[in-house]
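Taking it in order: structure first as structure tokens, then the write-up.
For this chain, numbers begin at 1 and follow the sequence in order.
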Amino acid sequence: MCKNCKGKPYYITTAIAYTSRKPHIGNSYEIVLTDAIARYKRMQGYDVLFQTGTDEHGQKIETYAQAEGCTPKEYVDKVAGEIKDICDVLNTSYDKFIRTTDPDHEKVVQKIFKKLYEQDDIYKGSYEGLYCTPCESFWTESQLVDGKCPTCGGEVKPMKEEAYFLRLSKYQKQLEEFIEQNPDFIYPESRKKEMLNNFIKPGLQDLCVSRTSFKWGIPVDFDPDHVVYVWIDALSNYITGLGYDPDGSSEKYKKFWPADAHIIGKDIVRFHTIYWPIMLMALGEPLPKQVYGHPWLLFGEDKMSKSRGNVIYADALSKLIGVDAVRYYLLSEMPFASDGSITYDTIIERFNSDLANTLGNLVNRTIAMNKKYFGGVVQEPVEAEPVDDELKAFALDTVKRVDAQIEKFHISDALEEVINLAKRCNKYIDETAPWALAKDESKKARLGTVLYNLLEGIRFVAVLIEPFMPDTHKAILAQINCDVKDYDSLFDFGGLKAGTELCDPTPLFVRIDPEKLYAEIDAMQKASADKSITEIEAEATEPIAEEIGIEDFGKSDIRVGEVLACEKVKKSKKLLKFTVADGFGERTIVSGIAMYYKPEELVGKKVLFVANLKPVKLCGVESCGMILSAEKGDKLTLITVDNAIANGSKIV
């Protein structure tokens, strides 16, 4: 168990969310994951500071704002509000929500840039390379993957621009030595090997840290034609939020820095373990103790995308199944080092089995038995048997096991340990058979002991589950009428006081009826899809992508095909399975448009599809192509052509 941690500072952060669009539930995983760690550390007695926030500058934001007909600041105010609202809906306990448009942040970023320039860690030059607009990154030819951006897989285009550069190469050896001397700095091990072998050891190139091709950014105060690029602007939030200042930092900064953990997505590990440490080295500041690059949450086997019809939003799902159920699913379903998956079917399965049956039923029937046999008064445990010791040992060991899993950021395993304690309590019910003991008046003391042990086991569950499911924690403690809820009370089995009067049992989780839930989902999706044309036109238009050459367009073989048959894909409410006559025969194409069309409406239509797309399996069905549609806001329309055009005709 935790020792010597009382009052010890613990600083933990998420990556700051980019304010381009409202985040889907995959994006929300990180804030819930970090919140669970922060809450657990607080429970152990640490003085925790948990920071999250938004990244609000850049060319992409400027483009989105132009498409919306508003200023960049108006645009980011709206999206930052949505991001913060979702953090609040998910009951996250952040201590600071920083925005990179905060005046104090912008002022310090300018000071950081100037300090690095004056000490020759930043110099002025020009950049000629391959640029990816979505990632706002320059790349060399050798860094591309199949000719595309190695981060997002998008198109890149040649660009030349005057810029300031950070001397990464100057600090390469120092960074390598730091990583070797601090083996847990990059976590897990696979991410460390990737950074060392793929990026650092091949040789670091100096990093572009200013831009002149757009204006939505923090101005370089000594060269106003330039704005500070995302790396120095966004990454420095971790110290500006604490009160760092090159001219003299705050006491808060001195107390909490270096950070104990940066919790970030696996796709931005490079920025946090190469660019950020070198910035700190140049500033003469300590490096964070650990950077954990967590995996992604996928819908089925795919990344979430509105065009695929597989986007789930955390606030909408919370309305359907409750906030704690959403938190439970996110935390329990994500492995430590590999991508997790979310589907409505698995949500229902985990809710009904783990929450309703295992946890909810345990609490409900234990309190009900105590009400029935002892009028709701907790009895003194006076008649013990060996089976009791097994339950007590399991409960005490659970605390140690959860501690160990939290320390390694194995959050799903930590939560599983708590649920396993609930399962062990259910097994204890079967082993002791309270209903049988109740039939024998001479065993009333034994019955009271059994029920006490069950209620105390439930108290252990309630205390341990708080970081993961804070509302459930409160609900359980309220029903057993117990205010002994601190971490130290878990050092011994027996914190629940005899004589306590229990409250009436209330179901914590009511089993989900799959048909009813799917009907609610359909209604929610239909309400979104049935917006008026006026509402749709008022929404943001997707910015036009980067220019491509005719040779790039020619790589897509777009053909005309006739829909011969269409049906829903089993176990999916989003996908439709098309049988398409392509001019050469028939092919199967799966498309995520079930929320917009009924299958029978599509039979006989002539559609456009990408014929040379690599086949992929979706919910067990191999899809050989992609049907084209037009999307704006939440409105999607299938692209069809005149029936006179022959199947197999190529779009040129």
Side-chain angles (χ1 to χ4, degrees), residues 43 91 322 324 355-385 387-396 398-399 418-419 421-511:
M43 188 171 73
N91 201 4
D324 270 12
L355 300 183
N357 288 356
T358 297
L359 180 57
N361 192 40
L362 167 67
V363 174
N364 193 269
R365 66 173 173 163
T366 299
I367 295 175
M369 284 190 290
N370 194 283
K371 286 276 184 180
K372 180 177 180 180
Y373 303 135
F374 296 104
V377 177
V378 177
Q379 302 298 295
E380 191 78 39
V382 294
E383 193 170 315
E385 292 185 5
V387 69
D388 303 347
D389 295 332
E390 293 175 22
L391 177 65
K392 293 175 185 178
F394 194 96
L396 293 168
T398 295
V399 183
V418 181
I419 296 301
L421 176 55
K423 291 178 179 178
R424 184 62 186 86
C425 289
N426 279 319
K427 181 183 177 184
Y428 179 77
I429 293 176
D430 295 335
E431 292 169 334
T432 55
W435 51 89
L437 295 173
K439 295 177 180 178
D440 188 339
E441 186 64 27
S442 67
K443 295 182 178 179
K444 196 158 187 177
R446 175 60 188 155
L447 174 62
T449 300
V450 165
L451 291 178
Y452 177 88
N453 290 336
L454 278 171
L455 290 165
E456 175 66 354
I458 288 170
R459 188 186 71 83
F460 265 65
V461 171
V463 174
L464 287 172
I465 213 166
E466 190 276 338
F468 315 100
M469 304 173 69
D471 288 341
T472 301
H473 155 85
K474 293 176 184 176
I476 295 174
L477 290 176
Q479 290 195 41
I480 64 174
N481 196 19
C482 180
D483 59 3
V484 183
K485 55 186 179 182
D486 59 288
Y487 177 81
D488 289 351
S489 73
L490 303 182
F491 292 179
D492 296 299
F493 193 91
L496 183 63
K497 297 176 182 177
T500 298
E501 292 189 17
L502 305 178
C503 297
D504 291 333
T506 304
L508 295 173
F509 302 98
V510 178
R511 283 180 60 85

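Applying the salt bridge (charged side-chain N to carboxylate O under 4.0 Å, His left out) test to every pair with at least one member in residues 452-476, sequence neighbours left out, gives these pairs: Arg39-Glu466, Glu456-Arg459. Sorted by first and then second residue, the salt bridge (charged side-chain N to carboxylate O under 4.0 Å, His left out) pairs with a member in residues 501-511 read Lys371-Asp504; sequence neighbours excluded.
Atom CG of Asp440 has more than 12 neighbouring heavy atoms from other residues, nucleotides or ligands inside a 6.0 Å radius. Residue Lys443 places its NZ atom among 12 or fewer non-hydrogen atoms of other residues, nucleotides or ligands, all under 6.0 Å distant.
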CA sep, side-chain torsions, deciding dist, call: Tyr452, Asn370, side chain to side chain donor-acceptor pair (under 3.5 Å): CA-CA 9 Å; Tyr452 177 88; Asn370 194 283; over 6 Å; no
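Rounding to the nearest 0.5 Å places CG of Asn357 at 11.5 Å from CG of Leu362. In this structure, CD1 in Ile458 is found 9.5 Å from CD in Gln479, a value given to the nearest 0.5 Å.
Between Leu359 and Ile465 the shortest side-chain heavy-atom distance falls below 4.5 Å.
Salt-bridge annotation for Arg424 and Glu431: present, with a side-chain N of the basic residue lying under 4.0 Å from a carboxylate O of the acidic one. A salt bridge is defined here as a Lys NZ or Arg NE, NH1 or NH2 lying under 4.0 Å from an Asp or Glu carboxylate O, and Asp388 with Arg446 meets this definition.
Nearest heavy-atom pair, Leu391 versus Cys425, reported as atom, atom and distance to 0.1 Å: CD1-SG, 4.1 Å. Smallest separation of non-hydrogen atoms from Val463 and Asp486: CG1-O, 4.1 Å.
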